[in-house]
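Heads up, the thing below is written out as C-alpha cells.
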Amino acid sequence: MSARRIIAAVSVCFFVLALGGDAWAKKKRKDDEPANIDRINLGKVMLQDRHYDRALAQFEGVKLDDEKDPVDLAEYWFLVGISLNGLSNWKNAAEAFEKAKANGNLDPRSTLLQANAYLQLKDPAKALQALGTAPPEAKQLAEFYLLESRAHYDAGDKFEAFGALDRGYQAVPESDNIARKRVLLLVDLGLYQSAVDEAQIFFERDSARPEDYAALATALIEANQKERASLLLEQAALLYPENVDIRKRLGFAYYEQGRPLPAGDILYPLALIDGEHARSAAELYVKAKRYPRAVRMNAKVDEQAAKVKQRLIILLDQNHFEAATGLDRRIERLGLLEDENVVYALAYAHYRSGNFDRMENLLSLITDAALFRKAIELRRSAEECKQSIWKCD
C-alpha cells in the first residue's frame, strides 16, 4: 500500500474516532449532569459558608417536575427563601417562604424570616399576618416576640409593641434582648422611673454590660431626662471605673445639665493620657471659668494647631489681649489664618491692644459675610478709639 493511501486511511480512522468521541462526550455530559439531590446538598453546603448567590444558582438548576428524582418542595422553597434572604431580596424571599409553608414546611424559622422580610419591605401588617401562622414552637423563641413587637411599633402602636415584649418576657425570661428592648420601650412610652427600675433588675444579670447602661442613658438624655441619665451613668462609672465610653457619656450628661465643671473633672483622668480628651476637658473648664485648669489641660493637647487655637480662646476669654497677640506668629506659621474665625479673634485682640495697623491687615483677609459685618463694626470702633481713649472698649 502506498504511503498516500496509508495516510488517507489513518485520517479516516481519526475522523471516525473524533465523531464517536464527541458523541461519547455529549452522552457523558448528559449522564454526569448533577441530580436534584446533588444540587440541593451542594446548595446546603454553600449556605453554611454564606455563599448565598452560589447556593441560589444551585437551587435554580433543580428540576421541580422530575418524576424520577422528586423534590421535597417544602424543604426546597425554604432553602430558596434563605438564599434570597441572605441576598436581601426581601420580596422574593417572602414569597419563597410562603411557598414553603404552603407545601407543609413547619420550620419556625420559615415564619420568622418571612415576617422579617415583610418588615424590611415596610409592611408590618403582613409581618403580623405571617407571625399569626407560626407553629407553636416559634412562640418559644425570643425572636418571635421581638419581631412581633417591632411590627406593632412600625405600625404605630407602641403599647401593643410593649405587650408583645411583655409576653416574650414571660415566655422566654432568660432572653437578654427582650429585657433590653422592654427597658428602652418604657423610656419611649414616657415611663422613665419604671424603665430605671426595670433596668436595675436587668443589671443584676451576669450578662449585663457597660453598653446597656450607655444605651439607657442615651435614651434618657434624648427624652430630656438628664438627671436620671447622670445618676445611671454615675452608677456605671463606679462599676466600670476603667470604661472610657462611660466616663465620656457621664461628662456629656453633666454638660447637658449645664454643669461644665464636673463634666471637665470626669474627663480629667482621661485627659492625662489622651490629648483629644485634654482638649475637651479644657473647653469645659473654659465654660466653667476655671482658667488655670483649662490652661493645664490645653498644655496636654497633642495637635499643635488645635492647641494654639484653643489657647487663643482661653486668653481672650480672660481678657488677656496682649498675651493673645503674642500668638500671632505661631498662628500664621501653623496656617490658622485660613480660618476666618481665628482671623477675626486675633484682629480683636490687636484692637484691644491698640495695634490698629495689624488689626486692619487681618480684617482685610475676611470674606465671610457675617464676619465681614463684624469687621466693619470693629473698624468703626477703632476709629472712635483713635479720636478718644474713652471710647475704647
If you measure only the distance, is there a donor-acceptor pair under 3.5 Å linking the side chains of His350 and Asp328?
yes
Report yes if the side chains of Gln193 and Val196 come closer than 4.5 Å at any heavy-atom pair, otherwise no.
yes
Do Tyr255 and Glu283 get their side chains close enough for a donor-acceptor pair, meaning under 3.5 Å?
no
Charged N to carboxylate O under 4.0 angstrom, Glu303 versus Arg279?
no
Salt bridge check: are Glu377 and Arg380 linked by an N-O gap of less than 4.0 Å?
yes
Residues Gly264 and Ala281: closest non-hydrogen pair is O-CB, 4.3 Å
Side chains of Tyr153 and Asp188: is there a donor and an acceptor less than 3.5 Å apart?
yes
Short side-chain to backbone donor-acceptor contact, Ser149 and Leu146, under 3.5 Å:
no
For Leu87, which fellow cluster members are found when Ile, Leu, Val, Met, Phe, Trp and Tyr are connected by side-chain heavy-atom distances below 4.5 angstrom, either directly or through intermediates?
Ile40, Leu47, Tyr52, Leu56, Phe59, Val62, Leu64, Val71, Leu73, Tyr76, Trp77, Phe78, Leu79, Val80, Ile82, Leu84, Phe97, Leu113
Within 6.0 Å of CD in Glu242, more than 12 heavy atoms from elsewhere:
no
Are the side chain of Ser364 and the backbone of Asn361 linked by a donor-acceptor contact shorter than 3.5 Å?
yes
Closer than 4.0 angstrom, basic N to acidic O: yes or no for Asp317 and Lys289?
yes
State the CG-CE distance between Leu284 and Met297, to the nearest 0.5 angstrom.
11.5 Å
Using only heavy-atom distances, determine whether the side chains of Lys101 and Gln114 contain a donor-acceptor pair under 3.5 Å.
yes
Cationic N near anionic O, under 4.0 Å, Asp212 to Arg209:
yes
I'd like to know if Leu272 and Leu267 are part of one continuous hydrophobic network [Ile/Leu/Val/Met/Phe/Trp/Tyr, side-chain heavy atoms within less than 4.5 Å].
no
Correct closest heavy-atom pair for Ser110 and Ala100 would be OG-CB, 4.2 Å
With the side chain counted from C-beta on, respond yes when Leu141 and Lys139 share a heavy-atom pair under 4.5 Å apart, and no when they do not.
no
Looking at CG of Leu185 and CG of Leu165, how far apart are the two atoms once the value is rounded to the nearest 0.5 Å?
6.0 Å
Between Tyr291 and Tyr285 (judged by ring centroids, cut-off 6.0 Å), do the two rings come close enough to count as a pair?
no
Distance, nearest 0.5 Å, that separates SG of Cys385 from CZ of Phe356:
4.0 Å
Under 3.5 Å donor-acceptor, Gln318 side chain and Ile314 backbone
yes
Is it true that, when you exclude Arg330 itself, more than 12 heavy atoms of the residues, nucleotides or ligands shown sit nearer than 6.0 Å to its CZ?
no
Worked verdict on Leu315 versus Phe321 for side-chain contact (heavy atoms from CB on, under 4.5 Å)
CA-CA 7 Å; Leu315 291 170; Phe321 302 114; over 6 Å; no
Regarding Gln170 and Asp166, do their side chains bring together a donor and an acceptor under 3.5 Å, going by distance alone?
no
Between Asp274 (side chain only) and Glu276 (backbone N and O only), is there a donor and an acceptor less than 3.5 Å apart?
yes
So does Asp265 pair up with Arg293, basic N to acidic O under 4.0 Å?
yes
Which distance, rounded to the nearest 0.5 Å, do you find between the CZ of Arg39 and the CD of Gln58?
5.0 Å
In terms of the angle between their ring planes, are Tyr351 and Tyr348 parallel, tilted or perpendicular, with boundaries placed at 30° and 60°?
tilted
All salt bridge (Lys or Arg N to Asp or Glu O under 4.0 Å) counterparts of Arg150, not counting sequence neighbours:
Asp154
Considering only heavy atoms from C-beta outward, does the side chain of Asn85 approach that of Asn116 to under 4.5 Å?
yes
Supply the atom-to-atom distance Lys309 NZ to Leu327 CG, rounded to the nearest 0.5 angstrom.
13.5 Å
Can you list the steps and then say if Asp38 with Leu42 is a side-chain contact (heavy atoms from CB on, under 4.5 Å)?
CA-CA 6 Å; Asp38 295 332; Leu42 183 56; over 6 Å; no
Return the CG to CD distance between Leu363 and Glu340, rounded to the nearest 0.5 Å.
10.5 Å
Any side-chain donor near an acceptor of the partner, Gln257 and Glu227, under 3.5 Å
no
Does Lys91 have more than 12 heavy atoms from other residues, nucleotides or ligands lying within 6.0 Å of its NZ?
no
